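Quick notes on the structure that follows.
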Amino acid sequence: MSQNKLSSYLLHFLFPKTCVHCRRDLVIQEENPLCPDCLRQLEPLTADLTCQRCGIPLPSGGAHCHLCRNNKFQCQVIRSAFLFNPPLQSLIHELKYQERKSLVQPMGIWLREAFKKYPEIHGAQVLVPVPLYPERERRRGFNQSQLLAEELVKSSRAFVIPLLKRIRATSPQVDLPKSQRLENVKEAFQAAETEKIRGKEILLVDDVCTTGATLEECAKTLKKAGAKKVCAFTLARQAQ
Ligand SMILES: [Zn+2]
Ligand SMILES: [Zn+2]
């Protein structure tokens, strides 16, 4: 047995790896953070069963959800890799609140794979992560959206540039009733380096899209600063 293999066996014996969702022990060779059962529960989204504008799942079909049929938005298209279901919630929770940064690697593989399905968002020259409030980012040590954007960019010729700043601390959108989400993020962002925004096609990147209010506010800020087109891509999409 090689030295490397031996130390990985020892490590596994001392600190057994468990599934991030169901906490069952994982087999020693398992590279995924989820056990095979939980992995199978992930629900990939596709453009044909979601709203063509905001990407919300439309189980009974149709091109647009009610909201997008009746309103104009600055964020032209929102696409996501998966439905925000329990195993994915556990993964994202572990990344953000247990600060398990290594989880962005498998997430990156899934993101790049899902991205291929959506040619409508392939035109961006710049990827902009949805920013955290600086105080929160300092405490966590990283911005998960920035890490995800850096993973995603590995398969494209675009650049990740943090062109937005969060100028107001906001409550996590997931914790708020729908009626308060728009108000919560209103004027929460500011554009930086407007010369890099002007005339560009931009893809916003975030971990979860709840109602799309945060992405819309970010898009509004970027458009005001001169962006030509803004779309968004997230790892997870909450069903309504
Ligand atoms: Zn599991
Ligand atoms: Zn929609």
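Values in this document were obtained by computation on a predicted structure and should not be read as measured data. As the structure lists them, so they are numbered: ligands from 1, and atoms in each ligand from 1.
Vertex the Zn ion (ligand 1); arms to C22 atom SG and C38 atom SG; angle 110° (nearest 10°). With the Zn ion (ligand 2) as vertex, C65 SG and C51 SG subtend 120°, rounded to 10°.
A salt bridge does not link R140 with E99: none of the charged nitrogens is closer than 4.0 Å to a carboxylate oxygen.
In this structure, V185 and E217 approach most closely via the heavy-atom pair O-CG, 3.0 Å. For the residue pair Q144 and D207, the shortest heavy atom distance occurs at NE2-OD2, 3.3 Å.
Using a cut-off of 2.8 Å, one finds that H21 contributes no N/O/S atom close to the Zn ion (ligand 1). Note on C54: counted as a metal contact of the Zn ion (ligand 2), an N/O/S atom lying under 2.8 Å. Between the Zn ion (ligand 2) and H66 there is no N/O/S contact shorter than 2.8 Å.
Residue H66 qualifies as open at atom NE2: its count of foreign heavy atoms under 6.0 Å is 12 or below.
One distance of note links CD of E201 with CD of Q125; it measures 5.5 Å at 0.5 Å rounding.
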